[in-house]
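Inspection log for the structure reproduced underneath, given as structure tokens.
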Amino acid sequence: MTAPATAAGPDAPARPGPRAWFVLSILCFVYVLNFLDRQLLSILAKPIQDELGVTDGQLGLLGGLYFAAFYCILAIPVGWLADRTNRTRILALACALWSGATAACGLSQNYGQLAVSRMTVGVGEAGGVPPSYAIISDYFPSGTRGTALSLFNLGPPIGQALGVAFGASIAAAYSWRDAFVAVGVVGIITAVVVFLFVKEPKKGGLDRPATDAAPVEKAGFWSTCKMYFANPVLRGMALACGATQFVTYALLAFATLFLMREKGMTLQQVAVWYALVVGIFTSLGMFVSGRLIDRLTRRSKAAYGWLPALGLAIAAPLFAGFVWASSWQLALVFLALPMGLNYFYLTPAVTLVQEEVAPNQRVMSGALLLLVMNLIGLGLGPTYLGAASDWFRASHPDNSLQMAFYTLLPFYGLAIALFLGLAAKIRRSAAQEP
């Protein structure tokens, strides 16, 4: 059953009840684990390289194409299944699978075993985020979803920060293997909590007009795909997010290795200072963008496009300063604001998709959004940057990652242009509405 909502006036959004916030907190923790498991590889890249002898290019494939191929493609059938069945059960099963695979990463004895384990993590995580988007949208009514989804989207920065602090600390005190196993065990316990305590809400139960009078029809697979890609606004949002994630995932995959190998940080320093920058500023970016999008879109839905563009325009020159900086201390100063501004796109993207599609198409539509932006960003960003670093190693053996990072700057410009184009599409779409 859905959480009760308290009316706050004829035009004001209803207020979610206590159960909605309880469910949101559990789903946010699952997302923390989802991203923590995903990012442990990049956080522990240096000790993994030292023990298994993998190159930057091989690391890029592990964190990029190998992972994304399973994560993105399987998200589509999983989303279709979740739209037609119990979304909370799908989420619990997925959490158990990716957590077990994370533990297996810590037991890997060579690159091949590690690659298979990472692919399996991708299989499990395909069932994590899209069902959560839809569950939250059926616990929180329109007008509060941007804030709720922004809180949910704190999962990545918290997961990244905890991964840096926890993973680096465990690796420094014990070994990188112990960090993978410990996080995997926590995830399996969390999957049991989701199965027992998160109740499936009614699909579309808080949407207007109310859908209590009749059951929601099950959405067709191909009809949902056709609807999504035929919509220029939804299609444009996915492509703009993909260009942004090309930068953000490349940065996440190699920032720790870059700071340690070329800026002189130690694992202990990474566990404190880099973790603080990631945790504080990325969380602020997620939350502030959610609050802003709830306010700004009441006046113009074009804010879904121009707000991320503005954030990226401010972030780009600061990112260049991070790459250029001569010390890790100065590099972190430059990195702080981009860590937040780079993520001004995520909550607007998720909120737009959940608002624009029918309740029975929300999980799969969220999966289609993730398919496009993660195949481009997660699949190609780390893969590209690792290959670029290997290519620059011959001419710049001491700073190959620095040179590779500089080549990400044009992708900032591409992402800004795509988001501004999206804002124009939204204005045209609004003008055509009766």
Side-chain angles (χ1 to χ4, degrees), residues 65 67-94 97-98 119 122-138 142 145 149 200-209 211 213-243 245 301 304 346 348-380 418 421-422 425-426 428-429 432-433:
L65 190 59
F67 177 89
F70 289 88
Y71 174 69
C72 298
I73 294 172
L74 286 177
I76 302 306
V78 169
W80 175 79
L81 180 64
D83 270 330
R84 302 169 68 86
T85 59
N86 189 300
R87 296 165 294 184
T88 61
R89 298 295 181 259
I90 296 289
L91 178 61
L93 178 62
L97 178 59
W98 85 59
M119 292 175 189
V123 172
E125 291 194 6
V129 179
S132 297
Y133 286 157
I135 292 168
I136 291 169
S137 294
D138 283 331
S142 180
R145 284 178 188 147
L149 289 167
E200 175 75 359
K202 178 179 174 62
K203 292 182 175 71
L206 297 180
D207 289 286
R208 297 176 183 177
T211 58
V216 178
E217 295 182 1
K218 295 179 179 179
F221 181 88
W222 293 113
S223 62
T224 302
C225 289
K226 182 178 179 181
M227 174 280 301
Y228 190 95
F229 290 110
N231 187 316
V233 171
L234 297 179
R235 188 174 63 243
M237 176 62 87
L239 291 173
C241 289
Q245 285 199 342
K301 285 190 174 182
Y304 284 121
L346 187 56
V350 174
T351 306
L352 174 65
V353 171
Q354 296 298 304
E355 293 276 0
E356 290 294 308
V357 305
N360 63 339
Q361 295 178 316
R362 280 181 174 149
V363 181
M364 190 172 165
S365 295
L368 289 168
L369 171 69
L370 293 177
L371 170 69
V372 176
M373 68 184 192
N374 283 332
L375 274 179
I376 297 171
L378 178 58
L380 301 181
L418 288 172
L422 173 65
K425 291 176 183 177
I426 293 173
R428 287 195 297 269
S429 177
Q432 293 171 1
E433 292 179 357

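Atom set for the values below is all heavy atoms of this structure, side chains included, hydrogens, waters and symmetry mates excluded. Keep in mind the model is a prediction, meaning the values are calculated, not measured.
- One distance of note links CE of M119 with CZ of F70; it measures 5.5 Å at 0.5 Å rounding.
- In this structure, N374 and A68 approach most closely via the heavy-atom pair O-CB, 4.1 Å.
- The only option from N86, T88, I90 that meets the side-chain contact (heavy atoms from CB on, under 4.5 Å) definition with P131 turns out to be I90.
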Practice problem: Might you work through the side-chain contact (heavy atoms from CB on, under 4.5 Å) test for R87 and S132, ending with a clear yes or no? | Solution: CA-CA 8 Å; R87 296 165 294 184; S132 297; over 6 Å; no
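- Annotation for K301 and E356: closest pair NZ-OE2, 3.2 Å, computed over non-hydrogen atoms.
- Counting only heavy atoms from C-beta outward, the side chains of E355 and T351 approach each other to under 4.5 Å.
- Looking at heavy atoms from C-beta onward, L234 lies in side-chain contact with V357 at the 4.5 angstrom threshold.
- Y304 and P348 make their closest contact through CD2-O, 3.4 Å (heavy atoms, listed as atom of the first residue, atom of the second, distance).
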Quiz item: Going through the distances and angles, do M373 and L346 end up as a side-chain contact (heavy atoms from CB on, under 4.5 Å)?
Solution: CA-CA 10 Å; M373 68 184 192; L346 187 56; 4.0 Å; yes
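- In terms of heavy-atom proximity, D138 sits nearest to P201 at CB-CG, 3.7 Å.
- The side-chain contact (heavy atoms from CB on, under 4.5 Å) test with V372 is passed by exactly one of I376, L369, L375: I376.
- Among all heavy-atom pairs drawn from E200 and T85, the shortest one is OE2-O, 3.9 Å.
- The two atoms that bring K425 and G236 nearest to each other are NZ-CA, 4.1 Å, heavy atoms only.
- Interatomic distance, OG of S365 versus CG of L371, reported as 12.0 Å (0.5 Å rounding).
- Screening residues 124-136 for salt bridge (charged side-chain N to carboxylate O under 4.0 Å, His left out) gives R38-E125 as the qualifying pairs, with residues at least two apart or on separate chains.
- With sequence neighbours left out, A94 forms a side chain to side chain contact (heavy atoms under 4.5 Å, CB included) with W98.
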